[in-house]
**Student:** 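This structure is in structure tokens; I'll ask about it shortly.
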Amino acid sequence: MKLETKDLLTADEISSKEFLELIDFSIKLKEENKTVKGKSLLENKTLAMLFEKPSTRTRVSFETGMKQLGGHTTILSLDEMQHSRGESIEDTAKTLSRYVDAIMARVYEHSFIEKLAKHATVPVINGLSNSYHPCQTLADMMTIKEHKKKFKDLKIAWIGDGNNVCNSLIFGCSKTQTEIVIATPKGFEPDSEVVKKSSKYTSVDLTTDPESAVKDADIVMTDTFTSIHTSDPKRNEKFLPTFQVNDSLMEKAKNDAIFMHCLPAKREQEVTSSVIDGPQSV
Ligand code: NVA
């Protein structure tokens, strides 16, 4: 399927209709991939993957996905490119666009990927910036559809840091009309513009009380308190013990609630082993 947008930077660029179609298309593709060999959807297509930050899942999933669909990847570390010697983002974007069919980039500053997208003539996909993680949102919404078979009348409780993953997830909820409640300590709320914009399409509530957030929740989600771009060594103290997802918090969600974490996880910090390695964890 073809999207209207050239780039995927936040998850807000995709219309609600496209978002829902994309999830169903992905589920179908995943199913087919179990049985049909030799996919050619991306035959002769090359994806450049630019990394400024570490990656395990994003790198492996993009690389494997490209290969399973008949394409290939070229993996580039920004500190080994001419950009590290002062070549502009504009020239980097224009040059890469002559060689490859799409660019995925994992960067610190979101403005970097915006600039890359502005000057690249090929699609640019955000593989995580300090502000957004749209691919994680698509994957999370796909997981939710696989487990719950629907989006409407579902409630997500996000517990912990209102970070990049949370910002894009709020957009994902607005596209699918999924209710979301975000429980964070004061000062760790998601981007207020994202909340304001998304509230027009679905219920987005902020609270400082995790117990009220998980009440009647179908999905409980969290992420590390410390992201790659955050370095305050005292950060965890602001979250613990109140914002840890543990058995007692999970008990307050619906009986059939699922637990989700984008990983990497810090066990016994944002989530206990009993939850992340337990039966509700998907
Ligand atoms: N919030 C995390 C997500 C990692 C996939 C980070 O930015 O480090």
Side-chain angles (χ1 to χ4, degrees), residues 8-12 47 49-65 73 75 77-79 103-114 116 124-144 156-173 180 182-185 187-195 198 206 210 213 219-240 243-245 259-271 275-276 281-282:
L8 178 63
L9 305 187
T10 68
D12 195 31
L47 173 75
M49 305 205 285
L50 264 66
F51 289 101
E52 198 179 15
K53 286 171 166 176
S55 171
T56 299
R57 279 150 286 270
T58 296
R59 175 174 164 164
V60 176
S61 56
F62 269 90
E63 196 169 349
T64 308
T73 55
I75 298 168
S77 171
L78 265 164
D79 61 12
I103 301 167
M104 185 280 284
R106 167 166 285 197
V107 300
Y108 282 94
E109 296 307 322
H110 191 69
S111 55
F112 183 108
I113 199 156
E114 284 178 330
L116 196 66
V124 173
I125 301 167
N126 180 2
L128 179 78
S129 68
N130 292 356
S131 312
Y132 299 101
H133 200 0
C135 299
Q136 183 65 46
T137 296
L138 284 166
D140 286 342
M141 296 319 272
M142 180 175 164
T143 300
I144 291 171
I156 299 180
W158 174 275
I159 312 296
D161 190 13
N163 62 13
N164 40 13
V165 176
C166 182
N167 284 333
S168 283
L169 178 69
I170 297 170
F171 280 140
C173 287
I180 182 163
I182 301 130
T184 69
F188 294 89
E189 296 86 1
D191 187 314
S192 57
E193 280 305 308
V194 172
V195 173
S198 302
L206 305 188
I219 300 116
V220 178
M221 291 174 84
T222 190
D223 186 10
T224 43
F225 301 140
T226 304
S227 284
I228 303 169
H229 60 282
T230 52
S231 56
D232 175 6
K234 295 222 163 108
R235 214 177 144 88
N236 282 1
E237 292 170 18
K238 294 166 185 148
F239 292 89
L240 287 171
F243 293 88
Q244 183 184 69
V245 180
F259 170 76
M260 293 172 65
H261 190 309
C262 65
L263 302 174
K266 289 267 166 68
R267 282 171 174 75
E268 319 319 331
Q269 291 189 21
E270 74 275 8
V271 59
V275 171
I276 196 169
S281 179
V282 299

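Ligands are counted one by one from 1 in listed order, and the atoms in each one are counted from 1 as well. Just so you know, these numbers come straight off a predicted model, no measurement behind them. As a basis for the values below, the full set of heavy atoms in this structure was taken, side chains included, without hydrogen atoms, waters or symmetry mates.
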**Student:** Could you check I228 against L128 for side-chain contact (heavy atoms from CB on, under 4.5 Å), going step by step and ending with a plain yes or no?
**Tutor:** CA-CA 10 Å; I228 303 169; L128 179 78; 4.0 Å; yes

**Student:** Looking only at heavy atoms, what is the nearest atom pair of D161 and F225, with distance?
**Tutor:** OD2-O, 3.6 Å

**Student:** Tell me whether the centres of the aromatic rings in F188 and F239 are closer together than 6.0 Å.
**Tutor:** yes

**Student:** Considering only N or O atoms, set out every pair between ligand 1 and the protein closer than 3.5 Å, with distances to one decimal place.
**Tutor:**
from: ligand 1; atom 1: 1 (N); to: N163; atom 2: ND2; distance (Å): 3.3
from: ligand 1; atom 1: 1 (N); to: N164; atom 2: OD1; distance (Å): 2.9
from: ligand 1; atom 1: 1 (N); to: D223; atom 2: OD2; distance (Å): 2.7
from: ligand 1; atom 1: 1 (N); to: S227; atom 2: OG; distance (Å): 2.7
from: ligand 1; atom 1: 7 (O); to: N164; atom 2: ND2; distance (Å): 2.8
from: ligand 1; atom 1: 7 (O); to: S227; atom 2: OG; distance (Å): 3.4
from: ligand 1; atom 1: 8 (O); to: I228; atom 2: N; distance (Å): 2.8

**Student:** Heavy atoms, side chains only, cut-off 4.5 Å: are H133 and N163 in contact?
**Tutor:** no

**Student:** Less than 4.0 Å between a side-chain N and a carboxylate O, is that true for K266 and E270?
**Tutor:** no

**Student:** With no hydrogens and no angle check, is any side-chain donor or acceptor of S168 less than 3.5 Å from a backbone partner on T10?
**Tutor:** yes

